[in-house]
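Let me begin by presenting the structure, written as structure tokens, before commenting on it.
Values below: every heavy atom of this structure, side chains too, minus hydrogens, waters and symmetry copies. By convention here, the first residue in the shown sequence is residue 1.
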Amino acid sequence: AANCNDITKVVEPVFKQNAGAIYYINLSQDDFKLGVSSFAQIMNKIGSYTPNVKSANYVKTVFNTIQDLIRNEQIVAGHDVSSGGLITTLLEMCFADTNLGAELDITKLNEKDSFKVLFAENSGVVFQAKDTSIEDVLSQAKIEFFNIGKVTESDVLSVINHAEVFTMT
């Protein structure tokens, strides 16, 4: 349970057509690790290393900044990254509407192992911004963020990581 100042300021976990870029923030500030992830479980493994949250203060800063951006109607869609990892979040944000997809490049996340970056369950957030003005707000708050792509009017989610390209329909 949490306090809600204005129930009309709702951000749904569905990408919007004709809105801004898609962003990713790694709340954990940790490397991408697959230990005890859903991916590890389907591979019948446990793993030795799990992602951890490095700074509770950073999480608080990100949370409060995102709340301010929502209040100011600068975020049009959003979803947490947790169970299932980044790939699950991205797919879920496309599933809820027809002819809704995304073109993403996650190379900037600096993890060459695509399975790690897509399936690691690091605490994080994916959101779609109204426009790029949010970048100044995030930078001023010293939040590391990544512009990872854009929404498309198709039923395809494509993800590039370095030389690898994944296409899901």
Side-chain angles (χ1 to χ4, degrees), residues 11-16 19-63 65-66 69 75-97 100-129 132 134-135 138-139 141-152 154-169:
V11 174
E12 295 179 343
V14 182
F15 289 133
K16 306 286 187 261
I22 301 167
Y23 292 87
Y24 169 76
I25 296 173
N26 181 351
L27 285 170
S28 72
Q29 297 182 295
D30 200 358
D31 296 332
F32 297 100
K33 300 170 186 167
L34 293 173
V36 195
S37 65
S38 297
F39 182 75
Q41 290 174 26
I42 64 164
M43 299 303 289
N44 205 24
K45 302 201 184 278
I46 295 174
S48 301
Y49 304 100
T50 60
N52 194 10
V53 172
K54 298 289 185 177
S55 168
N57 285 332
Y58 183 74
V59 173
K60 180 180 176 182
T61 298
V62 172
F63 179 83
T65 304
I66 295 292
L69 290 167
I75 294 181
V76 298
H79 198 304
D80 68 295
V81 177
S82 57
S83 185
L86 181 59
I87 191 65
T88 301
T89 296
L90 295 168
L91 287 166
E92 287 177 352
M93 292 185 83
C94 291
F95 284 161
D97 204 351
L100 184 65
E103 292 177 357
L104 306 168
D105 187 340
I106 58 172
T107 304
K108 296 178 220 167
L109 302 184
N110 204 27
E111 174 56 64
K112 291 189 183 209
D113 185 333
S114 295
F115 287 102
K116 279 185 180 178
V117 72
L118 290 172
F119 291 97
E121 296 179 358
N122 295 54
S123 294
V125 64
V126 170
F127 62 91
Q128 184 182 11
T132 57
I134 60 104
E135 294 183 9
L138 296 170
S139 294
K142 295 183 173 63
I143 296 171
E144 183 179 37
F145 63 92
F146 300 92
N147 179 332
I148 59 172
K150 64 181 182 177
V151 173
T152 61
S154 72
D155 60 352
V156 176
L157 174 65
S158 66
V159 180
I160 297 169
N161 188 35
H162 299 280
E164 294 181 302
V165 178
F166 303 94
T167 305
M168 291 148 269
T169 55

Subject >> Contact summary for Ile22 and Ala102, nearest pair of heavy atoms >> reply: CD1-CB, 3.9 Å

Original post:
Where the side chain of Lys108 meets the backbone of Ile148, is there a donor-acceptor pair that is under 3.5 Å apart?
Top reply: no

Original post:
Are any non-hydrogen side-chain atoms of Leu138 and Leu69 less than 4.5 angstrom apart?
Top reply: yes

**OP:** List for me each residue that meets side chain to side chain donor-acceptor pair (under 3.5 Å) alongside Lys33, sequence neighbours excluded, and say none if there are none.
**Re:** Asp30

Subject >> Considering all heavy atoms, the nearest Ala19-Val76 contact >> reply: CB-CG2, 3.8 Å

Subject >> Separation between CD1 of Ile143 and CG of Asn26, rounded to the nearest 0.5 Å >> reply: 12.5 Å

Subject >> Neighbour count >12 (heavy atoms, 6.0 Å) for atom CD, Glu164 >> reply: yes

**OP:** May I have the step-by-step check of side-chain hydrogen bond (donor to acceptor under 3.5 Å, both in side chains) for Asn57 and Ser55, ending in yes or no?
**Re:** CA-CA 5 Å; Asn57 285 332; Ser55 168; 5.0 Å; no

Subject >> Flag if over 12 foreign heavy atoms under 6.0 Å of CZ, Phe166 >> reply: yes

Original post:
In chain order, what residues pass the side chain to side chain donor-acceptor pair (under 3.5 Å) check against Gln128, with sequence neighbours excluded?
Top reply: none

Subject >> Which atom of Ser38 lies closest to which atom of Ser83, heavy atoms considered >> reply: OG-OG, 3.9 Å

Subject >> Pairwise distance NZ(Lys116) to CG(Asn161) - rounded to 0.5 angstrom >> reply: 12.0 Å

**OP:** Measure across Thr107 and His162 and return the closest heavy-atom pair with its distance rounded to 0.1 Å.
**Re:** OG1-N, 2.8 Å

Original post:
Are any side-chain N or O atoms of Thr167 and backbone N or O atoms of Ser158, one a donor and one an acceptor, separated by less than 3.5 Å?
Top reply: no

Original post:
Can any side-chain N or O of Lys16 pair as donor or acceptor with the backbone N or O of Val14 at less than 3.5 Å?
Top reply: yes

Subject >> Reported NZ-to-CZ distance for the pair Lys112 and Phe32, which is rounded to 0.5 angstrom >> reply: 15.0 Å

**OP:** Could you walk me through whether Phe127 and Ile66 pass side chain to side chain contact (heavy atoms under 4.5 Å, CB included), step by step?
**Re:** CA-CA 9 Å; Phe127 62 91; Ile66 295 292; 3.9 Å; yes

Original post:
Sequence neighbours excluded, which residues qualify as side-chain contact (heavy atoms from CB on, under 4.5 Å) partners of Phe115?
Top reply: Phe39, Asp113, Phe119

Original post:
Which of these passes side chain to side chain contact (heavy atoms under 4.5 Å, CB included) with Met168: Val156, Leu90, Asp155, Val159?
Top reply: Val159

Original post:
Say you draw a straight line from CD of Glu121 to OG1 of Thr50; how long is it, rounded to the nearest 0.5 Å?
Top reply: 10.5 Å

Original post:
Side chains of Val81 and Asn122: closer than 4.5 Å at any heavy-atom pair?
Top reply: no

Original post:
Mind checking what makes ring-ring contact (aromatic ring centres under 6.0 Å, His included) contact with Phe146, not counting sequence neighbours?
Top reply: none

Original post:
Going through the distances and angles, do Leu157 and Leu104 end up as a side chain to side chain contact (heavy atoms under 4.5 Å, CB included)?
Top reply: CA-CA 8 Å; Leu157 174 65; Leu104 306 168; 3.6 Å; yes

Subject >> Set of side chain to side chain donor-acceptor pair (under 3.5 Å) partners for Glu135, sequence neighbours left out >> reply: Tyr23

Subject >> Verdict with reasoning, Val125 to Asp80, per side chain to side chain contact (heavy atoms under 4.5 Å, CB included) >> reply: CA-CA 4 Å; Val125 64; Asp80 68 295; 5.7 Å; no

Original post:
So, for Glu103 and Thr152, which heavy atoms are closest and what is the spacing to 0.1 Å?
Top reply: CG-CG2, 3.5 Å

Subject >> More than 12 heavy atoms of other groups within 6.0 Å of Leu91 CG >> reply: yes

Original post:
So, do Ile106 and Leu118 sit near enough that their side-chain heavy atoms are less than 4.5 Å apart?
Top reply: yes

Original post:
For Val53 and Ser123, which heavy atoms make the closest approach, and how far apart are they?
Top reply: CG2-OG, 4.1 Å

Subject >> Thr132: side chain to side chain donor-acceptor pair (under 3.5 Å) partners, not counting sequence neighbours >> reply: none

